[in-house]
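Working notes for the structure below.
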There are 4 protein chains.
Amino acid sequence: MAPTTQQPAEPAAPTRGKGRPRSAAADLAILEATRQALAELGWGGLTMGDVATRAGVAKTTLYRRWPSKNELVVDAMAILFDQLEVADMGSLQADVEAVVAQFADLLSRPETQAALLALFAEGSRDPQLRRRIQEQIVEPQKVLVQQGRANAQARGEMVPDEDEHAACEEIDIIFDTIAGTVEHRLLVSGRPVTQEWIHRFATLLLNAFPGTTC
Amino acid sequence: MAPTTQQPAEPAAPTRGKGRPRSAAADLAILEATRQALAELGWGGLTMGDVATRAGVAKTTLYRRWPSKNELVVDAMAILFDQLEVADMGSLQADVEAVVAQFADLLSRPETQAALLALFAEGSRDPQLRRRIQEQIVEPQKVLVQQGRANAQARGEMVPDEDEHAACEEIDIIFDTIAGTVEHRLLVSGRPVTQEWIHRFATLLLNAFPGTTC
Amino acid sequence: MAPTTQQPAEPAAPTRGKGRPRSAAADLAILEATRQALAELGWGGLTMGDVATRAGVAKTTLYRRWPSKNELVVDAMAILFDQLEVADMGSLQADVEAVVAQFADLLSRPETQAALLALFAEGSRDPQLRRRIQEQIVEPQKVLVQQGRANAQARGEMVPDEDEHAACEEIDIIFDTIAGTVEHRLLVSGRPVTQEWIHRFATLLLNAFPGTTC
Amino acid sequence: MAPTTQQPAEPAAPTRGKGRPRSAAADLAILEATRQALAELGWGGLTMGDVATRAGVAKTTLYRRWPSKNELVVDAMAILFDQLEVADMGSLQADVEAVVAQFADLLSRPETQAALLALFAEGSRDPQLRRRIQEQIVEPQKVLVQQGRANAQARGEMVPDEDEHAACEEIDIIFDTIAGTVEHRLLVSGRPVTQEWIHRFATLLLNAFPGTTC
DNA sequence: CTATAATCGAGACGGTACGTCCTGTCTTATT
DNA sequence: AATAAGACAGGACGTACCGTCTCGATTATAG
């Protein structure tokens, strides 16, 4: 999660190196500047030089931490996706609606709109980038589904998993469906995600899965 | 559909344009070269100059027809999306599976992977581009859903629409779900769309909609 | 002199060809437009397309008559240099002053300033162009020197030529001196040619040549 | 003299510029490449991109130092004109002949032929360029005349200047005459400057000025 | 009166250079 | 060692002209 790129080994070493230590403030300033620039200028308008200027930092400082724009933006966006939470609202339907609403809010921010699909597009060519996206952006979302599922099972709304593998597959398909549908609605079709739409979508979703004992 | 950008009025004009007419062969060569370059180099590697060279055409000829890379790629991809068809396979489930398979095939092509998400990302900033994408890429897909629905109703698998508006909303949500989920599976999660996955997904989909009389 | 370039044979043929005859009005309009554009935009800013537009003529019409900008400008300027005359003012000194004044006037026009040195520069690389410049621009000036010399000899101010060859050489050197000095003063040093300067220069010139019987 | 264009203030600044200092080697390579390209391709064929390539330098490095082709060529040529010298040959006639010969040699170089008139032509439109040409190319020549005159006065061949202003005017007219005549002979008339021609021209020149006590 | 033919306008075409912008690396002096 | 500053090689951008071409329309002479 931390902008640890480009360093010797990191986990094995709390490297108390000799020279001047890296400025932690710079990291935050750069990531904030990146989000700001994304929101203002979009993915295509984002330049490393501009980010450096906004952050009050030299270009070198940027490249010392991130190998390129892509990785920088992944880290800048990851912070936002880390804030997603699944609260136990008492029922599966309510939990789903809450999570979808949170996700839709996130996708409505200008920086997210500018960055998310562009990152996915870049990731489809660069496997290393794809992995980084998976770890820092996609996984945090998928965890929500697992969590919500566990909550539902704890409440007795869903039968517990028997086959580990099948459960995994099912989580995948649910996740792709939720994330994909909301993204498509907001970013491709360009139509709003209202409370009513969320309700309809969540209802469909629960219909679709016969495993729910509601 | 035709690369008619940059021209005076087009529909209302049987305008016997005065100068030398634009080369139709150039249009085709450029669009083909664009798809080729996308497949080879990806969105980021796509260069107007390179496309021009591949098409055996001057860069000016490109800019005379398309104001930028974005519009060019929309038109180049639109041709692929025009080829989608909904065949009547006898049952709604079979029809859905067929259409999903077709769509997944399309999204598996390297040029589509390179272009689609990048276009959507650009479209989220540029309303004109978004409209163009809607008309030339998204609409042709949505038509499939409408068509399939009509077929199902003709076969008696679905009750006919009563409320026009509600039907429209439902088509929207179905469409966003199908397109979004498949895109997310293939382009974001990076996992394959197998025959089995398609079957599971189609089943879920039909479960979700109680209107089906199966 | 006429813009006869690019035609079959011309002298041997008053070629009453079959097709539509070339517009004589176009020639004049083009040359006038050329001088206008030169005065406004300078040599570097002069474009064939712009000249065509100013003349209300298609670019093709231009290229049918002149192979390139250089030749076009030679012809456009030649008209101005054809207007130079040597009037018999009664004394060699007066004649020289009159001719220098005329020449200085010509070099003070903006189109001349823009074109003359540029043409000479181009001519130093392109022998064909150099010949054209010699014939249409330089020779008309040199004739003035010969004429003035003849007048002076007729008035008895100079001894008649004995050696044809030596006379020729002397005309050359006088001509280079007058033209070169005035050009350098006006176009290189950028200082004005006043009545006083002309007088001083003419005096020096007559001093320099002992052959004058004054 | 140095290619100092585009810099903050230069003389008043012992400014220990903060970033990486400009490469001095690049300056020399660029100016040399410019002269080479001029000699090979002429003014019209001279391209910023080509110069950059020859110098093994990026185009941006060129534009960082010189705003355009014109200024670059002035600096490239200035080096040649800095090499002019007036040697004391013992007599005014000999000194004049030596200087004219030197100047003619310089004007016979292909890069000079390509550049000089073209620069003067451009300078007649652009006052800033004209000033630059004056300072770096014309003045070094004019200094020769002043120097030669001083030498002659020291030798007693010329009476010393009484009126400062008149002397200045006289230097101007002598300079325009020498430079203009040689340039016209070589670059416009396109005829060679032989030893004999130089002798004749120098003789005329000394005739013209009665101030000489020979 | 109809071919035939060269001209005209318009504007598309392949090509080249332009001057700008951004990338990612480098070289300074400073901290 | 990391920092700010900024020069550097390289490459794509979108524009402007060049000189050629392909159109339909015009305007002359020749049959």
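We name chains A, B, ... by the order of the sequence lines, and we start the count at 1 in each one.
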What is the separation between atom [atom1] on [X] and atom [atom2] on [N], rounded to the nearest whole Å?
| X | N | atom1 | atom2 | answer |
| --- | --- | --- | --- | --- |
| B:Leu62 | E:dG15 | CG | P | 13 Å |
| C:Asp27 | E:dT7 | CG | C1' | 13 Å |
| A:Ile30 | F:dA2 | CD1 | C1' | 12 Å |
| D:Lys69 | E:dA17 | NZ | P | 10 Å |
| D:Met48 | E:dC21 | CE | P | 16 Å |
| D:Leu72 | E:dG19 | CG | C1' | 14 Å |

Comparing B:Asp50 and C:Leu46 on DNA chain F - which has the more 5′ nearest nucleotide
B:Asp50

Set out, line by line, the N/O atom pairs under 3.5 Å between protein and nucleotides 4-6 of chain E.
from	atom 1	to	atom 2	distance (Å)
E:dA6	N3	C:Arg20	N	3.3

Is [X] reaching over with its side chain to a backbone N or O of [Y], donor-acceptor style, under 3.5 angstrom?
| X | Y | answer |
| --- | --- | --- |
| B:Arg35 | B:Ala76 | yes |
| B:Thr34 | B:Ile30 | yes |
| A:Lys69 | A:Leu46 | yes |
| C:Ser68 | C:Asn70 | yes |

Below the 4.0 Å mark, does E:dG9 have OP1 or OP2 next to a side-chain nitrogen or oxygen of C:Thr61?
yes

Closer than 4.0 Å, any side-chain N/O of C:Ser68 to the OP1 or OP2 of F:dC18?
no

Side chain of [X] (C-beta onward), nearest among [options]:
| X | options | value |
| --- | --- | --- |
| A:Tyr63 | E:dT23, E:dG14, E:dC22 | E:dT23 |
| B:Arg65 | E:dT23, F:dC18, E:dC13 | E:dC13 |
| A:Val57 | E:dT25, E:dG19, F:dA4 | F:dA4 |

With nearest nucleotides of DNA chain E determined for B:Ser23 and C:Thr60 from heavy-atom distances, which residue corresponds to the more 5′ nucleotide?
C:Thr60

Should D:Asp75 and D:Arg65 count as an ion pair when the cut-off is N to O under 4.0 Å?
no

Quick one: do A:Asp27 and A:Arg22 make a salt bridge, cutoff under 4.0 Å?
no

Establish whether the base of E:dG14 is bridged to the side chain of B:Lys59 by a donor-acceptor pair shorter than 3.5 Å.
no

Taking only residues two or more places apart in sequence or in another chain, which ones pass side-chain contact (heavy atoms from CB on, under 4.5 Å) with B:Asp126?
B:Glu71, B:Gln128, B:Leu129

